[in-house]
Every structure is written in C-alpha cells, then in structure tokens.
Amino acid sequence: MTELPSPRGAEIGRRIGVGLMYGLWRPRVLGAWKVPATGPVIFAVNHAHNIDGPMVMGVAPRATHFLIKKEAFVGPLDPFLTGIGQLKVDRHTTDRTAITRALGVLQQGGALGIFPEGTRGEGDFASLRAGLAYFAVRGGAPIVPVAVLGSTDRRGRLVKALPPLRSRVDVVFGDPFEAGDGSGRRTRKALDEATERIQKHLAAHLEQARRSTGRTAAGREEMPGDRPDAGRH
C-alpha cells in the first residue's frame with residue numbers, strides 16, 4: 001500500500017513557508033477568501049521562478065501538498081521535502097506512485113498544488129499538460145487558479161537567483177471551477193476537452209490578476225509613465 005504524504009507535515013511546511021516568505025519578501029495576497037475552507041482542492045499555479053511554489057505554500061490559507069520534480073529531492077532536501085508532505089514526481093514517465101499519492105491527498109480532502117505547465121517557463125499558462133485535468137476529473141476536486149506575479153522582476157544583489165530581499169510579490173487566488181463537463185467521463189477526449197477549459201480559465205485569471213495588481217505581462221509593476229494615457233487628465 002502506498003504511503004500518503006502527511007497532512008501534519010504539510011501544515012509544518014506551511015508554517016515554515018509563512019516565516020520565510022514574509023521574512024524575506026513582502027507578499028501581497030489577493031482572493032485567498034475564495035479558496036474552499038474544506039474538502040479536496042487543486043491549486044493550479046503558474047511557474048516562472050523557483051520561489052513560486054514555496055511562496056504559495058507560505059501564503060495559501062490551507063496546507064498544500066505540491067507535486068515537485070524528483071530532481072529537487074537531492075541531498076538533505078529529500079527527507080525535508082518528504083517530511084513536510086511534498087510529493088516527488090518523475091516527469092519523464094507515468095509515475096504511478098506519485099499519481100496514487102496525489103489522488104490520496106484529494107480523497108482525504110486535502111489541497112494539492114500543481115504547476116500545470118510541467119516545468120518552469122514564462123509562467124503564462126500557455127502550454128498545459130494533461131495531468132491537471134486528470135487529477136481534477138478523477139479526484140472530483142475544484143481547481144483554484146493561482147497567479148504569482150513579481151518573482152521574476154529583478155534579480156537580487158546578494159543572491160542573484162532570488163528576487164531582491166523585501167521586494168513585493170503578488171499572489172492572486174481565483175474563483176474555483178470544475179474541470180469536467182459534469183458527465184463524469186474520463187476518456188482521452190474528455191480529458192483533452194477538460195484541458196482546453198482549464199487553459200481558458202487559467203489564462204483569463206492571469207490576465208485579471210495582472211490588471212488587479214497593476215502588473216504588465218512581463219510581471220513588473222506598471223509605472224505611471226508606462227501607460228499610453230499617462231499625463232492626460
């Protein structure tokens with residue numbers, strides 16, 4: 001029997017994330033009240049920077065079990081990530097152990113975090129893998145889109161791989177939605193259709209998040225001089 005990740009470990013991870021994220025940066029969290037307080041839920045997070053996952057883990061209103069590439073589980077990070085309830089996944093094959101454990105999280109009414117683009121990139125939800133649709137339909141869980149904006153604006157002076165210390169990072173939670181069409185079908189065609197619906201929802205949320213935070217498509221905050229109508233009255 002596959003051992004499921006620890007909910008208690010995920011809560012410990014959330015508390016560690018709170019301390020680190022609010023201690024190192026200035027997160028601005030919008031829409032957290034939209035996250036269902038109980039029951040299974042999937043956070044679909046855009047992924048442009050390595051801190052995006054820890055940032056969501058630290059600011060989300062619920063402890064989260066993220067599906068994380070196995071390459072991150074190296075050295076002391078392996079027992080640490082496992083201990084705080086995170087899920088190791090092999091992206092290059094059908095990782096049945098990871099699938100079973102992720103579905104187990106949802107069956108227990110937990111929160112599952114997924115980067116639907118599969119890897120770090122532009123963070124614009126332009127290319128989604130089918131995994132998110134599978135977990136949403138099979139696990140019967142609503143999807144909450146999450147946009148992390150500002151993590152790639154500038155590089156820090158001390159640690160260039162991280163955003164500048166005390167810089168602002170916006171995390172915007174969207175309205176939960178169902179990926180399936182209500183038929184309960186799990187065929188390849190049904191999952192392809194669900195993926196299309198998901199992509200439209202996520203792209204619309206990202207655009208709305210950029211507008212509500214005043215950030216441009218590149219992620220940086222829009223300055224008055226950037227707007228075409230700047231200076232007009």
Side-chain angles (χ1 to χ4, degrees), residues 1-27 29 32 35-120 123 129 131-132 134-136 138-139 141 143-144 146 148 151 156 158-159 161-163 165 169 171 173:
M1 183 176 180
T2 302
E3 183 180 356
L4 297 182
S6 164
R8 183 173 179 273
E11 177 58 30
I12 292 172
R14 188 185 74 83
R15 295 178 184 181
I16 293 173
V18 168
L20 285 176
M21 297 303 109
Y22 283 95
L24 296 175
W25 295 285
R26 294 188 299 119
V29 184
V35 177
T38 59
V41 67
I42 297 174
F43 293 132
V45 186
N46 67 327
H47 195 21
H49 196 285
N50 284 332
I51 74 158
D52 294 342
M55 182 64 68
V56 173
M57 195 183 302
V59 305
R62 295 177 59 177
T64 309
H65 303 269
F66 265 97
L67 278 167
I68 301 173
K69 61 183 181 181
K70 71 173 185 178
E71 291 84 356
F73 289 73
V74 294
L77 277 179
D78 190 346
F80 172 73
L81 291 173
T82 301
I84 60 171
Q86 306 310 295
L87 298 160
K88 181 192 303 186
V89 61
D90 185 343
R91 299 173 299 164
H92 306 296
T93 185
T94 302
D95 192 335
R96 300 199 178 280
T97 298
I99 291 171
T100 300
R101 299 182 79 205
L103 289 174
V105 166
L106 297 176
Q107 289 166 0
Q108 289 186 341
L112 180 67
I114 294 179
F115 300 113
E117 294 158 293
T119 186
R120 182 159 48 92
R129 295 191 174 189
L132 175 55
Y134 175 82
F135 286 120
R138 177 77 184 275
I143 296 172
V144 171
V146 186
V148 181
S151 57
L158 297 177
V159 183
L162 297 175
L165 297 180
V169 177
V171 183
F173 293 88

Taking the side chain as C-beta and beyond, is there a heavy-atom pair between Arg91 and Glu71 under 4.5 Å? yes
Check: Pro163 and Ile51 side chains under 4.5 Å, non-hydrogen atoms: yes
Could you list the donor-acceptor pairs under 3.5 angstrom formed between side-chain atoms of residues 108-115 and any protein atom two or more places apart in sequence or on another chain?
none

Heavy atoms of Ala141 and Leu106 approach each other most closely as CB-CD2, 4.0 Å
Can you name the nearest heavy-atom pair linking Ala32 to Pro61, along with the distance? O-CG, 3.7 Å
Got a donor-acceptor contact below 3.5 angstrom from the Gln86 side chain to the Pro5 backbone? no
Taking all heavy atoms of Ile99 and all of Phe135, pick out the closest pair and write down the distance. O-CE2, 3.8 Å
Side chains of Lys88 and Asp78, heavy atoms from C-beta outward: is any pair under 4.5 Å? yes
Looking at every heavy atom in both Val29 and Phe173, which two are closest together, and how far apart are they? CG1-CE1, 3.7 Å
Does any N or O in the side chain of His47 come within less than 3.5 Å of the main-chain N or O of His49, such that one atom is a donor and the other an acceptor? yes
Is it the case that the side chain of Asp95 and the backbone of Asp90 share a donor-acceptor pair, with hydrogens and angles ignored and the cut-off at 3.5 Å? yes
Would you say that Leu162 contacts Trp25 through its side chain, given a criterion of any heavy-atom pair below 4.5 Å between the two side chains? yes
Any heavy-atom pair between the side chains of Ser6 and Ile12 that's under 4.5 Å? no
Going from CG on Leu132 to CD1 on Ile143, what distance comes out if it is rounded to the nearest 0.5 angstrom? 4.0 Å
Indicate yes or no: at least one non-hydrogen side-chain atom of Leu4 is less than 4.5 angstrom from one of Val105. no
Does the Thr64 side chain pair with the main chain of Phe66, one donor and one acceptor, at a distance under 3.5 Å? no
Return the CD to CZ distance between Gln107 and Arg138, rounded to the nearest 0.5 Å. 7.5 Å
Heavy-atom closest pair, residues Ala10 and His65: CB-CE1, 3.5 Å
For Glu3 and Arg101 the tightest heavy-atom approach is O-NE, 2.8 Å
Dump the intermediate steps for salt bridge (Lys or Arg N to Asp or Glu O under 4.0 Å) on Glu11 and Arg8, then the final yes or no. CA-CA 5 Å; Glu11 177 58 30; Arg8 183 173 179 273; over 6 Å; no
